[in-house]
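One structure is given here, and the rest of the page talks about it.
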Number of protein chains: 2
Amino acid sequence: MNPKETLKAHILKTATLNDKEFDYLFSYFKQQSFKKGQVVISEGDKVDHEYFVISGCLKAFFINDEIKMYILQFAMPTWWTSDYGALYNHTRATISVDCISDAEVLCLSNDDREKICSEIHQAEHFFRWRTNRGYLASQKRLLSFMNNDTKARYEELLAMYPQLYNLVPKHLIAAYLGVSRETLSRLYNAQK
Amino acid sequence: MNPKETLKAHILKTATLNDKEFDYLFSYFKQQSFKKGQVVISEGDKVDHEYFVISGCLKAFFINDEIKMYILQFAMPTWWTSDYGALYNHTRATISVDCISDAEVLCLSNDDREKICSEIHQAEHFFRWRTNRGYLASQKRLLSFMNNDTKARYEELLAMYPQLYNLVPKHLIAAYLGVSRETLSRLYNAQK
DNA sequence: TGCGGAATGTGATGTACATCACCTAAGTCC
DNA sequence: GGACTTAGGTGATGTACATCACATTCCGCA
């Protein structure tokens, strides 16, 4: 499926737009290609776009003072990613985004999103529901963090996204789970 | 400030509604009073309302298999609370909500919210931004969980909401931080 | 094709936290 | 106002994880 059809199918799941409206909306998106390892948003950047993933896999991550990385999100096809804190509050990026594999994305500016949302009620409806799903996912992950040990969270992650096992190096999985790579290694190499 | 004015001021911060539109929107809210300890949503309930806090403090929490409680949110005046997962997906409550103190709330059904959102574009706009803020807060808390130790998270919480220190028993603070009450007690009673 | 860096495995050791057990003080209810 | 419950403090002990150190394997690239 091409980028336009992918986005269309994605949006029509939650909003009702006719072809003309969708074409108008789509005209604000720019397609971009990235190579594996390429940086999309770097800490300190001015952030004014968000990204809809067509193919490949990106990661959104935070690096703390001790140069330790925590991954907030693996962004797979049909997922959206950016530093939303910086995007909405017009502050510099604290979250970085880069590419785990070659990737195709559709890119939309914050201003254009707000313009579309104010012009097309159903577009605003779509973005409300998209954020909603993100909120629920984040809350679920928070609960899992408090309630489950590392092993349970690891199995939960792989059950939800089996592709990650082959696609993503283990030290990045560890950075998503919030444990050291050594601990993760010991976990799934335990004899028992 | 009375409930109606409180809600109005809250909504007008992010949306543009004239008096007639706001009065119409407000007509869907029902006012409710709760006593300290009273239960608003109990695990297993059918959930069809969300709650806007006028006064007092509620908590939204999860209880795991070992009867350990984790607090997702302390809901203070002008905050919204519910089991949003259950509310949006029409499933039974896994999150419970009850009152830490006597409380006044305005209550809105899921159906009515969706009706209002489809009728008034600016209402949809408001609810998009509300969810947005929730999403960003949740993501921030997730990062804090991965990056900071308990002491730092405790100080972060009290710096952000100083009222909690007197309003909320310490074992509930511990349940919010995701540590045992013993650990929290030792933390701030340490001599050094 | 072979070199250098990245990814991964594994042992030794330290530490933050949980858990259990028990104690005291402060509500709260008939 | 005494009895019972709830909040909170503190010691002893166990454990899941981090950290450091080093070995090994993999893999892109000049």
Side-chain angles (χ1 to χ4, degrees), chain A residues 34-39 56-57 59 61-71 74 98-102 143-158 164-192, chain B residues 35-39 57 59 61-71 74 98-102 143-158 164-192:
Chain A
F34 290 107
K35 287 282 162 200
K36 177 177 175 173
Q38 217 178 325
V39 173
C57 182
K59 67 175 195 282
F61 60 100
F62 172 78
I63 305 228
N64 75 0
D65 304 337
E66 292 93 47
I67 322 295
K68 246 173 88 169
M69 176 177 68
Y70 297 102
I71 294 181
F74 292 115
D98 67 17
C99 298
I100 293 178
S101 67
D102 291 359
L143 257 188
S144 177
F145 238 94
M146 298 204 272
N147 191 28
N148 300 130
D149 64 11
T150 302
K151 187 167 188 183
R153 294 207 312 284
Y154 174 66
E155 279 157 9
E156 190 177 61
L157 177 67
L158 288 192
L164 285 181
Y165 188 82
N166 292 314
L167 187 60
V168 173
K170 308 256 181 288
H171 71 273
L172 293 185
I173 305 260
Y176 180 91
L177 296 174
V179 293
S180 68
R181 55 170 200 83
E182 292 95 328
T183 295
L184 182 62
S185 165
R186 277 184 258 265
L187 253 183
Y188 57 77
N189 287 326
Q191 310 307 0
K192 29 189 167 182
Chain B
K35 286 283 162 201
K36 177 177 175 174
Q38 217 177 325
V39 173
C57 182
K59 67 176 195 280
F61 59 100
F62 172 78
I63 304 225
N64 75 359
D65 303 338
E66 292 93 46
I67 323 295
K68 247 174 89 168
M69 176 177 67
Y70 296 102
I71 294 181
F74 292 115
D98 67 16
C99 298
I100 293 178
S101 67
D102 292 359
L143 258 189
S144 177
F145 238 95
M146 299 204 271
N147 191 27
N148 300 130
D149 64 9
T150 301
K151 188 169 188 185
R153 294 208 312 285
Y154 174 66
E155 280 157 10
E156 189 178 62
L157 177 67
L158 288 192
L164 285 181
Y165 187 83
N166 292 314
L167 187 61
V168 173
K170 308 259 180 288
H171 70 274
L172 294 184
I173 305 262
Y176 181 91
L177 296 174
V179 294
S180 68
R181 56 168 201 83
E182 292 96 329
T183 294
L184 182 63
S185 165
R186 276 184 260 263
L187 252 184
Y188 59 77
N189 287 327
Q191 309 308 359
K192 28 191 165 183

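Throughout, a chain's letter reflects where its sequence line sits, starting with A, and its residues are numbered from 1.
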Distance criterion of 3.5 Å, no angle test: do you see the side chain of [X] paired donor-to-acceptor with the base of [N]?
X	N	answer
A/Glu182	D/dC20	yes
B/Arg186	D/dG11	yes
A/Arg181	C/dG9	yes

Tell me whether the OP1 or OP2 atom of [N] has a side-chain N or O from [X] closer than 4.0 Å.
X	N	answer
A/Tyr188	C/dG9	yes
A/Thr183	D/dA16	no
A/Thr150	D/dA16	no

Can you tell me how far [atom2] of [N] sits from [atom1] of [X], to the nearest Å?
X	N	atom1	atom2	answer
A/Phe145	D/dC17	CZ	P	11 Å
A/Tyr154	D/dA16	OH	C1'	18 Å
B/His171	C/dA26	NE2	P	18 Å
A/Met146	C/dC17	CE	C1'	16 Å
B/Leu177	C/dC17	CG	C1'	13 Å
B/Ile173	D/dA7	CD1	P	13 Å
B/Asp149	C/dC17	CG	P	6 Å
B/Leu184	D/dG9	CG	C1'	12 Å

**Request:** Give B/Lys68 one of three labels, base, sugar-phosphate or nothing, depending on what nucleic acid heavy atoms sit under 4.0 Å from its own.
**Result:** sugar-phosphate
**Asked** Hey, does A/Gly178 reach any base, or is it just sugar-phosphate, or nothing, if we go heavy atoms under 4.0 Å?
**Response** sugar-phosphate
**Request:** Give the angle between the helix axes at the two ends of the helix from C/dT1-D/dA30 to C/dC30-D/dG1, taking five base pairs at each end and rounding to 10°.
**Result:** 50°
Can you measure from [atom1] ([X]) to [atom2] ([Y]) and round to the nearest 0.5 angstrom?
X	Y	atom1	atom2	answer
B/Leu172	B/Leu167	CG	CG	10.0 Å
B/Ser101	B/Lys59	OG	NZ	11.0 Å
A/Asp65	B/Asn147	CG	CG	7.5 Å

**Sequence-distant partners of A/Tyr165, ring pair (Phe, Tyr, Trp, His ring centres under 6.0 Å), two or more places apart** = none
**Request:** Decide, yes or no, whether a salt bridge links B/Lys35 with B/Asp102 under the criterion of side-chain N to carboxylate O below 4.0 Å.
**Result:** yes
**For B/Gly178 against A/Met146, the heavy-atom pair lying closest together** = CA-SD, 4.1 Å
**Message:** Need to verify one output field. Residue with the more 5' nearest nucleotide on DNA chain C, A/Lys170 or B/Lys36?
**Reply:** A/Lys170
**Request:** Taking the side chain as every heavy atom from C-beta outward, state whether A/Phe34 and A/Asp98 have any atom pair closer than 4.5 Å.
**Result:** no
